Structures are given as C-alpha cells and as structure tokens.
Amino acid sequence: MTAAKEDEKRLPDLPNVENSGVVMRLAPSPSGPLHIGHARMSILNDEYFRRYGGKLILRIEDTNPANIEPAAYQMIQDDLKWLEVNFTDLVVQSKRFDIYYDEMKKLIEMGKAYVATTPTEEFKAKKQKGMPIKERDESPEENLERWSKMVSGEYEKGEVYAVVKTDLDHPNPAIRDFIAFRIIDIPHPLEGDKYKAYPMMNFSVAIDDHYLGLTHVIRGKDHIANTEKQKYIFGYRNWKVPYYLHYGKVSIEHSILKTSLIKKGIRSGEFSGWDDPKLGTLLALKKRGFDPLAIRKYYVESGIGSVDTTFSWEIFYSFNRKIIDNRSPRHFFVNQPVYLDFDFEGTLTADIPLFPQSNRAGEHKNRHYTVGKGTIIISSQDYQKFNGELVRLKDLGYFKIEPDEIHYVGTSINEDVQKWSPNKPLGKVPIIHWLSGNEIPFVVAKPDGTVDTGLVEKNALNYLGTVHQFERYGYVNVLNEKEGYFTHP
RNA sequence: GCUCCGGUGGUGUAGUCCGGCCAAGCAUAUCGGCCUUUCGAGCCGACGACUCGGGUCCAAAUCCCGGCCGGAGCACCA
C-alpha cells in the first residue's frame, strides 16, 4: 500500500519557492457554478498550496456585470469546498475599484497610459500598423483630465476608453497597447450603479496579482498573451513578477459546460437545474455520485503540460470506480423488465452479498430472498439474448429460459445441468441478475439525457443518498425511493 | 493574415531542459486466464506509440533545419 502510494504520479516541483510557501490564486468569474473544466485550475493550484503552504486566494473576478450570476458567488465557494480545495482568503474584485482607479491614475501620470475618445476601429487599425492614436502622445495632464471625467461618469458607454501602453512595435500585434478601462452602464449586482468605469481583466488582474502578493500563477495557456500584457504594468512599477505556468487546453467532450447555454436550458425546462445529469457542472457530478477525489486524481495525473488534451471520461470513470466500488452496496436493477412464469413446487433461497468484497464486520449482510411458484423477472435484453438457453440466476441456481416462462434446472453443476447445455463448457453459463418479489419501480436518469425505467430490489431504499452498484448495469446514485442518477458503467 | 506554442500506443501520461541505463515506463481501454455465481473489483498475461523528411553525433523520442498536423492570442469577455 505504501509502496503503491510512492508510485503515484506527482506534480513537478515549482521553482522559486521560499520558506514562507507560495501565494496562489483561483480566479473564476461568477457567471455560474464551477464545472469539470474549472476543477483543473482549482486542483492544480490547491495541490501546490498543499505542498508548500502559504496562501490560496479565491479571487472572484466580477468586473463584467453583464456576465454575473449573483448566486455564483456562493456556489463557487460551495463547489470548492466539495472539491476539498480550502482557500485561505476571499477577494472580490468589485470591492477594489478604488485601488484600480488609483493605479490607473498613477500610470497616466507616469505617461504609461492614456485615455482616448478616438473610435476603437481607428485604434485597432493603427495598432495593426504600429501607429499611435492622437491621445497616446498627449500630455499626462490632458489624459488625466479625461480620466477624471471618465471615472466621474461624464462619458457615455462607448465614448471613451483607457489604455495601457505596451510597445507599438511589438512583433505580436496582440500585445500592443491594450484597453484597461471601459464604461459600463448596466448595474452591478453587488455595487449597483456606483461605478461607470470598469477595469478590464488584464488591468485588474495585474494590479491584484501584485498587491495580493502572488508568487506563482498557474492558468490555462489561453492567457499567455495576457501574461505578456500584464508584465508591462509590473515593469512600469518595478514590481516583482510572479512565476507563471500555463497549462494546455482540455477539451471536454460530450458535456455541456457553457453557462449561457445552461441558464437558457434551465429556463426552458430542458435541464432540471444546475445539477442536471446532462451537465458537466460539479453540482451534477456530485449528484451523480462522484467522489471529488477522483477529479483530483485525474487532474494530478494529467499534470501541467502545455499540450492540448481531450478529457478522458473513460479514465476518469475508472478512477472513480476504484474509489467507490468497495463502499457501494450491490443491488439488482432490472431494466425493461420481462415477467416470466415460474411453475415450481417448493422454494428456493438466495443469499446475495451486499458488499461482496468487504471484510468489515457488519457489512456481510446479505439480501435474503425466497423464490417459489410465481414470477421471475429479468431484463428484456437478457431475455432476448438468452431465450432458449441455460443461464445462471445469480446466487439462485441454473435455469432454462423459454418463451414467457422459466424452468429450474439445478443449484449446482451436475448431470441435470449438463444435459441442458450439452455443447457449452461447464462454468461458462452466463450469469444474469433477476427479481422475484420485493421489487419496486425505479428510474435511472443518464447523462445522455435518456432514462432507464425498470425495477429495483426494495432493499436498495435502505441506502438512499449513496452510490449503489446495480450489478451488471452500472453505478447509480440512489436519490430517493423512485429515482437515481447514473454515475458511470 | 500577423505573433506564439505544441505534436510519445485508441485515450491520458512518464521520459525531452543536462543525447547513451528507452529495442520507451505507468494508467485506461480492448482481448484472454485465474478468483470455481456480477459484463464490477483484484491478480496474471497479451495487444499497442516516439508526426514526417533531412542534418549533427560513436550514439537522438531527446539537439538543429524544413514539411505536415493541431492549438492559443490578435474583444470596450474572463
């Protein structure tokens, strides 16, 4: 066990770590709850925070009111808690406008920023050619005057913007002078209409990364160009630049992650909520019964490489399966049931383990059933596949399936059994699951949007709110007495 | 188009910085076997990869050049 643990994959060490540890950040925008994609940045940062100590700051980046879901401020924190990411500080950017304003003013005074009313089309076009717009060359005093008018709300949306200078000759046009502030005229969910001039992400991030004392920044490589822009601000102020690490893009297929789409779907009734099984939100994964450790393991295993990858649900499922398998009670769920007549004199008994591989006392409980003349239920899939053949009903005995009925053959492999299956090697008889009495209707909602309707052992209701292994079917989080969410095969 | 980054089996990765111990490790998937009643778990085995072409070198997955393919940025989003 210990040896196996040592073999476990480990993230590479970080450079420039001091004795006091690291200061890192999680910087989501509050547009909705976190999803499986956000989990990567959360876990990577948290893993290093756990290794080195220091601070892990949750910084909610709410500088675009158009893109804010008020409930997200709390949902994000709950999601992180579920992931066992224990951030040490909480910072909300909309509470820091004064700092941003001060800093912008300083940059303008230094001649490192300007405020423009030139149409942005011209700004962009000139930037492509490496040419300045007129405000760039105007004095700090003139720009300062426009700046104070901009902050006090004397301009309308679209009329003015503030720019941080970089280098107009930069070979990469994406890095040349970038907009740092713009006017927004819709109210902010937290601040109302207190502010008109809103910082752009590249500005507020640079300022906060410095004042919050970030030592290491780990984020997706879509931010590489942003990092270059932000470094100009650090350079102007002579601030110590954090160590940046950009990991590659993860494409998460077969999953709905876009907040705008999810919100729309919730409104239209297509999704039952943020935790609909069709979604890739952490809320949905939680409700499907995933263990957050599986997510952590997956992303640690994936590392921080800069190559783009595709999220492998297969491997993720496998990690989760290994975690939950032992603690998942076993039950029979018969999907699309077929009722077969069972004409039999006498009684058969079945003792089916609830936790087959558990050694712990108290968990050896079996599901005990007696079966006599009446009905035996199997899934239509098994019925179609094995009609006319010999099967083993798990923990009950050998049976021959015939149209609409089923016959008992024997309990163990003997001559009686053999004569039913003359051409099959013994021990190769298919084992299928079944129900006979004690079953209740049950539906399983699956991530692909389909629903399986069937019957489950009534005993399963003694374990509500936990993940079960429905034998030969898959893992299911049993939510209540009639419905469960499919976890994975 | 402009700037930049990257390409290891079906999938996810280790190794690439500091060439040799890599005729390439691990995981997952698939197939087979065992555990004598799960299509789960566990154990054992099989399968399967260095994007291509040149170059340097005694020696290249690792260094250099070019092609091909993929990705990112070029927002009054984050």
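A, B, ... follow the sequence lines: proteins, then strands. Residue 1 opens every chain. Values below: all heavy atoms of this structure, side chains included; hydrogens, waters and symmetry mates excluded. Predicted, not measured: the structure shown is a model, and the values here were computed from it.
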Among B/G71, B/G12, B/A78, the nucleotide that comes nearest once only the side chain of A/Met201 is considered
B/A78
Output yes when A/Lys394 and A/Glu471 qualify as a salt bridge under the 4.0 Å nitrogen-oxygen rule, no when they do not.
yes
RNA chain B base-pair string [pairs: Watson-Crick or G-U under 3.5 Å; |: paired with another strand]
(((((((..((((......[....)))).(((((.......)))))....(((((..]....))))))))))))....
Taking the C1' atom in each of B/U13 and B/C18, what is the distance between them to the nearest angstrom?
22 Å
Can we call the ring centroids of A/Tyr398 and A/Tyr408 under 6.0 Å apart?
no
Of A/Asp325 and A/Lys124, the one whose closest RNA chain B nucleotide lies more 5'
A/Asp325
For the residue pair A/Tyr463 and A/His468, establish whether any side-chain heavy-atom pair is separated by less than 4.5 Å.
yes
Which nucleotide sits closest to the side chain of A/Tyr298: B/U38, B/A78, B/G12?
B/G12
Does a side-chain N or O of A/Ser31 approach OP1 or OP2 of B/C77 to a distance below 4.0 Å, or not?
no
Look at the side chain of A/Ile179 and decide which nucleotide, out of B/C76, B/G71, B/U11, has an atom nearest to it.
B/C76
Looking only at atom C1', what distance separates B/C76 and B/A72, rounded to whole Å?
22 Å
Would you indicate what A/His246 reaches in the nucleic acid, counting non-hydrogen atoms under 4.0 angstrom: base, sugar-phosphate, or nothing?
nothing
For A/Thr63, report the nucleic acid contact type (base, sugar-phosphate, nothing); a contact means any heavy atom under 4.0 Å.
sugar-phosphate
Considering only distance and modelled atom types, tabulate donor-acceptor pairs under 3.5 Å from the side chains of residues 155-165 of chain A, sequence neighbours left out.
| unit_1 | atom_1 | unit_2 | atom_2 | d |
| --- | --- | --- | --- | --- |
| A/Glu159 | OE1 | A/Glu156 | N | 2.8 |
| A/Tyr161 | OH | A/Thr118 | O | 2.7 |
| A/Lys165 | NZ | A/Gly111 | O | 2.9 |
| A/Lys165 | NZ | A/Arg136 | O | 3.3 |

Ranking B/A78, B/A27, B/G40 by distance to the side chain of A/Ser29, first place goes to B/A78
Is A/Arg25 close enough and on-axis enough to A/Phe87, meaning under 6.0 Å and within 45°, for cation-pi?
no
Of the listed nucleotides B/G12, B/C76, B/G10, the one nearest the side chain of A/Met200:
B/C76
Using atom CH2 of A/Trp147 as one end and atom P of B/C76 as the other, report the distance to the nearest whole Å.
16 Å
Report the residue (A/Leu396 or A/Asn64) whose heavy-atom-nearest nucleotide on RNA chain B is the more 5′ of the two.
A/Leu396
Let me know the distance between NE2 of A/His188 and P of B/A78, rounded to the nearest Å.
10 Å
Under 3.5 Å, N/O pairs linking protein and nucleotides 63-65 of chain B:
none

Please classify the nucleic acid contact of A/Asp382 as base, sugar-phosphate, or nothing, using heavy-atom distances under 4.0 Å.
base
Between B/A49 and B/G7 - C1' atom distance, rounded Å
13 Å
Please report the distance separating the P of B/C63 from the corresponding atom of B/G15, rounded so that it comes out in whole Å.
13 Å
Verify the ring-centre separation between A/His488 and A/Phe290: is it less than 6.0 angstrom?
yes
Separation of B/C74 atom P from A/Glu228 atom CD, nearest Å, is 14 Å
Can the ring centroids of A/Tyr100 and A/Phe181 be said to lie less than 6.0 angstrom from one another?
no
Which is true for A/Ser318 with a 4.0 Å heavy-atom rule: it touches a base, it touches only sugar-phosphate, or it touches nothing?
sugar-phosphate
Taking B/U51 as the reference, what is the distance to B/G6 when you measure between their P atoms (whole Å, please)?
14 Å
Could you give the CE-to-C1' distance, from A/Met41 to B/A78, as a whole number of Å?
11 Å
Do the ring planes of A/Tyr317 and A/Trp313 sit parallel (below 30°), tilted (30 to 60°) or perpendicular (above 60°)?
tilted
Non-neighbouring partners of A/Asp308 that pass salt bridge (Lys or Arg N to Asp or Glu O under 4.0 Å), sequence neighbours left out
A/Lys221
What's A/Tyr475 touching, base or sugar-phosphate or nothing? Going by heavy atoms closer than 4.0 Å.
sugar-phosphate
Side chain of A/Glu314, base of B/G12: donor and acceptor closer than 3.5 Å?
no
Has the side chain of A/Glu471 got a donor or acceptor atom sitting under 3.5 Å from an opposite partner on the base of B/G40?
no
Would you say a side-chain N or O of A/Arg327 is under 4.0 Å from OP1 or OP2 of B/A41?
no
Given B/A78, B/G40, B/A75, identify the nucleotide with an atom nearest to the side chain of A/Asn226.
B/A78
For A/Lys394, report the nucleic acid contact type (base, sugar-phosphate, nothing); a contact means any heavy atom under 4.0 Å.
base
Separation of A/Glu301 atom CD from B/A27 atom C1', in whole Å?
5 Å
Interatomic distance at P, B/C44 relative to B/A29, whole Å
16 Å
What's the CZ-C1' distance between A/Arg10 and B/G15, to the nearest Å?
17 Å
What's the gap between B/C77 and B/C4 when it is taken at their P atoms, as a whole Å value?
27 Å
Contact class for A/Gly158 vs. all strands (heavy atom < 4.0 Å): base, sugar-phosphate, or nothing?
base
Select base, sugar-phosphate, or nothing to describe what A/Tyr317 touches, counting heavy atoms under 4.0 Å on all strands.
nothing
Would you tabulate the pairs of protein nitrogen or oxygen atoms and nucleotide nitrogen or oxygen atoms of nucleotides 1-6 of chain B closer than 3.5 angstrom?
| unit_1 | atom_1 | unit_2 | atom_2 | d |
| --- | --- | --- | --- | --- |
| B/U3 | O2' | A/Asn172 | ND2 | 3.1 |

Find the distance A/Ile184:CD1 to B/A75:C1' and express it as a whole number of Å.
12 Å
With a 6.0 Å cut-off on the ring centroids, do A/Tyr475 and A/Phe470 count as close?
no
Identify, with sequence neighbours excluded, every residue that meets salt bridge (Lys or Arg N to Asp or Glu O under 4.0 Å) alongside A/Arg96.
A/Asp208
Nearest-Å distance once atom C1' is located in both B/G42 and B/G25:
22 Å
Please confirm whether the ring centroid of A/Phe311 lies under 6.0 Å from the ring centroid of A/Tyr298.
yes
Write down the atom of A/Phe399, the atom of A/Leu396, and the distance for their closest heavy-atom approach.
CZ-CD2, 3.7 Å
Side-chain contact check for A/Arg182: nearest option of B/G12, B/A78, B/A29 is B/A78
Taking the side chain as every heavy atom from C-beta outward, state whether A/Lys196 and A/Ile184 have any atom pair closer than 4.5 Å.
no
Does B/A41 have OP1 or OP2 under 4.0 Å away from a side-chain N or O of A/Arg330?
no
Heavy-atom side-chain proximity of A/Arg330 to A/Ser328 below 4.5 angstrom
yes
Answer with yes or no after comparing the ring centroid distance for A/Tyr473 and A/Phe332 against a 6.0 Å cut-off, counting only values under it.
no
OH of A/Tyr299 versus P of B/U13: gap in Å, rounded?
11 Å
